[in-house]
Amino acid sequence: MTTPYTFDHSAYAADLQATYGHLTDGEESGVVVNVAGRVMLLRTQGKLAFGSLRDSSGEIQLFALSAVTAGFDEFVKLHLGDWVGVTGEVVRTKRGELSVKVTSWVQLAHAQHNFGDKWAGIADHDLRYRHREADLWANPETRVALTRRSAVVRAVRQRCWDQGFMEVETPILNAIPTGAAARPFKTHHNALDSEFFLRIAPELWLKRLVVGGYERVFELGRVFRNEGVSPRHNPEFTSLELYCAYWNYADMMTFTEELVAGVAMDVLGTTEVEYQGRPFSFATPWPRRTMADIVSQACGEELSVHTPRERLAELLAQHGVTAHASWGAGRCLEELMAETAGDQLWQPIFVTDFPVEISPLARRHQEDPELTERFESYAVGRELSNGFTELNDPVDQRARFEDQARLAAAGDDEAMQIDEDFIKSLEWGLPPTAGLGIGIDRLVMLIADVANIREVIAFPTLKPLRD
RNA sequence: GCGCCGAUAGCUCAAUUGGCAGAGCAUUUGACUCUUAAUCAACAGGUUCCGGGUUCAAGUCCCGGUCGGCGCACCA
């Protein structure tokens, strides 16, 4: 059967609901519209039929009568899920349902598979993720979450633009995976006969653009990390990275909280929400506390990066964590925070002043060379953003890379490699600069109030089916 | 990668102690001129995820595998 190549669409369901809300029971508007969508329910009653037409905006009832509707006998044989285009007058039925009284209609596409139980939808996660196109019709909350994701991305972009940041794109195929601590995906270019890695972060490229004179840049894009999959981790995810010349990390914290709270306002119209049943507020300003302060309070004793490593390792052991031989006091302090306080930081907070040992790209703190001017924001017990005053001293950067290389040699497969090109770029001169990274998927989870990252990714990474 | 749990009709789910594999919706057929998850009647629908094993008998018990969920690890 040949179906039409076009349809002269003139109205969306939600617009009709809004425009013709005033019609009283049994009233006819005299206005003829062309609507299209899927028939999600069909109730036939002899020579009458009522259908629920759903489009991207919402639903409107189709009201067909054998005396009025051309091809009525075929209309009532439509399958649930079929796409139809309908022409008819906007009316309200005697029983009060706003409807399009079908005069003519055309099947635009047939649905060979159903869209799940009309009440329960599709519950099977495997089916929902592998065939999101069906899930979107079967489970309205899926459409809400993914639509919200789009709104978040739009708001993030707009706010960055509004602050004078230029959107740029940097390589995804990299000879050296760097800019974060993670295992990369490896691939191969045939013509160049070279090994490439999918980027784990765009950080170093973006800083080179600041060296090049773009003072405010950002990139909103996919990064890839060859790590475990969990309700909070997808192997490919979207990050916002943003760099601003002449700012330090305190400036960037202010920017971060205003960006996130602003995006919540843009998308939800409020900063006060619930996440998984618990109240949560995006309202600014967010508290700022040093890592040492937080760990000290959690452990009930004064601790810092200057505390003897043995003491920190002892405390870690009390929490069932064995400090690896390669861990210095800085790494131990971070692990201790993760064990004692990290997952309890529900309301947004900036954790500041990270040890230099675990921050190879951040500039040393002006008041303590063992620390860096680095922050991470936490919300609902999870890391939301990461930022710092950028290290712009090529000599120190080389030393930091060399420390990383030693870790790699000791078996740390997430340690960074020495990137000579990047060091050379710093030799050309990076002005004082602050940088920021935000996990967009995690931000969307917060704003969409979902617990699983796959619910905010249209097609999450799944294991391919065999056979 | 490790542990726990799950997979039964197109969809959502039952099936007691190991004893004939079921319901609702969808599909098909019929009735019905204001339905709202319409209703009513009837027909049909199965490799119980896959492969082995135990047993007179396996959806159910055992072993192996596949995919998924959750937790741990890793990370954002």
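Every chain is numbered from 1 and lettered A, B, ... according to where its sequence line falls, protein lines coming before strand lines. Not measured: the values here are computed from a predicted model.
Looking at which nucleotide of RNA chain B each of A:Ala67 and A:Ser385 is closest to, the 5′-most match is held by A:Ala67. Looking at which nucleotide of RNA chain B each of A:Tyr129 and A:Ser66 is closest to, the 5′-most match is held by A:Ser66.
For the salt bridge (Lys or Arg N to Asp or Glu O under 4.0 Å) test, no residue two or more places apart in sequence or in another chain qualifies with A:Arg363. The side chain to side chain contact (heavy atoms under 4.5 Å, CB included) check on A:Leu41 picks up A:Arg43, A:Ser52, A:Lys118, with sequence neighbours excluded. Residues meeting the side chain to side chain contact (heavy atoms under 4.5 Å, CB included) test with A:Thr187, sequence neighbours left out: A:Leu173, A:Phe196, A:Leu198. In this structure A:Glu133 satisfies the side-chain hydrogen bond (donor to acceptor under 3.5 Å, both in side chains) test together with A:His131, sequence neighbours excluded. In this structure, the side chain to side chain contact (heavy atoms under 4.5 Å, CB included) partners of A:Lys186, at least two apart in sequence or on a different chain, are A:Glu195, A:Phe197. Qualifying side-chain hydrogen bond (donor to acceptor under 3.5 Å, both in side chains) partners for A:Glu334, counting only residues two or more places apart in sequence or in other chains: none. Residues satisfying the salt bridge (Lys or Arg N to Asp or Glu O under 4.0 Å) test with A:Arg208, not counting sequence neighbours, are none. Here A:Glu383 pairs with A:Glu376, A:Tyr378, A:Asn386 under the side chain to side chain contact (heavy atoms under 4.5 Å, CB included) rule; sequence neighbours left out.
Distance, A:Arg130 CZ to B:C49 C1': 13 Å, rounded to whole Å. Rounded to whole Å, the distance from CZ on A:Arg38 to C1' on B:A26 is 15 Å. Regarding A:Met40, its CE atom lies at a distance of 19 Å from the P atom of B:U36, rounded to whole Å. Here the P atom of nucleotide B:U29 and the CG atom of A:Asp73 are 12 Å apart, to the nearest Å. Rounding to whole angstrom units, CD of residue A:Glu236 and C1' of B:A76 are separated by 14 Å. Rounding to whole angstrom units, CG of residue A:Asn452 and P of B:G68 are separated by 13 Å. The distance between atom CD1 of A:Ile200 and atom P of B:A76, rounded to the nearest whole Å, is 9 Å. The separation between A:Leu407 atom CG and B:C74 atom P is 15 Å, rounded to whole Å.
Contact annotation: A:Arg183 side-chain N/O to B:C74 OP1/OP2 distance is not under 4.0 Å. When the side-chain nitrogen and oxygen atoms of A:Arg454 are compared with OP1 and OP2 of B:G69, one or more of them lie within a distance under 4.0 Å. Distances shown here put a side-chain N or O of A:Gln45 below 4.0 Å from the OP1 or OP2 atom of B:C34.
Counting non-hydrogen atoms under 4.0 angstrom, A:Arg128 reaches nothing in the nucleic acid. As judged by a 4.0 angstrom heavy-atom cut-off over every strand, A:Leu462 is placed among residues touching the sugar-phosphate backbone only. Looking at heavy-atom distances under 4.0 Å, A:Asn234 makes contact with a base. Residue A:Asn386 is out of contact with every strand shown, counting any heavy-atom pair closer than 4.0 Å. Counting any heavy atom pair closer than 4.0 Å across all strands shown, A:Thr44 reaches a base atom.
Of the C1' atoms belonging to B:U60 and B:U55, the separation is 13 Å, rounded to the nearest Å. The separation of B:C2 from B:G64, taken at their P atoms, amounts to 13 Å, rounded to a whole angstrom. Comparing the same atom, C1', in B:C70 and in B:G59 gives a spacing of 24 Å after rounding to whole Å. To the nearest whole angstrom, the two C1' atoms, one in B:C67 and one in B:G51, are 15 Å apart. For the C1' atoms, the distance from B:A73 to B:G3 is 11 Å, rounded to whole Å. Between the C1' atoms of B:A7 and B:A42, the separation comes to 32 Å (whole Å). Distance noted for atom C1' between B:U16 and B:G22: 14 Å (whole Å). For the P atoms, the distance from B:C74 to B:U12 is 36 Å, rounded to whole Å.
Of the candidates B:A76, B:C74, B:A37, B:A37 carries the atom nearest the A:Leu41 side chain, counting heavy atoms from C-beta on. The side chain of A:Glu383 lies closest to B:A76, out of B:G68, B:A38, B:A76. Comparing B:U36, B:G69, B:C70 by their closest approach to the side chain of A:Glu97 singles out B:U36.
Listed by residue number, the members of residues 74-82 of chain A with any heavy atom below 4.0 angstrom from RNA chain B are A:His79, A:Leu80. The stretch residues 47-63 of chain A comes close to RNA chain B through A:Lys47, A:Leu48, A:Phe50, A:Gln61, A:Phe63, each having a heavy atom under 4.0 Å from the strand.
Taking each heavy atom of A:Ile457 and A:Asp441 in turn, the nearest pair found is CG1-OD2, 3.6 Å. For the pair A:Ala323 and A:Ala313, the tightest heavy-atom approach, listed with the atom from each and the gap, is CB-CB, 3.9 Å. When all heavy atoms of A:Val91 and A:Lys101 are compared, the closest pair comes out as CG2-CB, 4.1 Å.
Checked by atom type, the side-chain pair A:Arg442/A:Ser385 shows no donor-acceptor distance below 3.5 Å. Donor-acceptor pairing under 3.5 Å is lacking for the side chains of A:Tyr249 and A:Glu390. No side-chain donor-acceptor contact under 3.5 Å links A:Thr178 and A:Asp419.
Under the 30°/60° scheme for interplanar angles, the aromatic rings of A:Phe72 and A:Phe75 are found to lie parallel.
In RNA chain B, the stems built from three or more successive Watson-Crick or G-U pairs (distances below 3.5 Å) are B:1-7 with B:66-72, B:10-13 with B:22-25, B:28-31 with B:39-42, B:49-53 with B:61-65.
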Exercise. What does nucleotides 4-13 of chain B look like as a protein-contact string, B for base, S for sugar-phosphate only, - for none, at under 4.0 angstrom between heavy atoms?
Worked result: ------BBSS
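A:Thr372 pairs with exactly one of A:Pro360, A:Ser359, A:Pro355 by the side chain to side chain contact (heavy atoms under 4.5 Å, CB included) rule, that one being A:Ser359.
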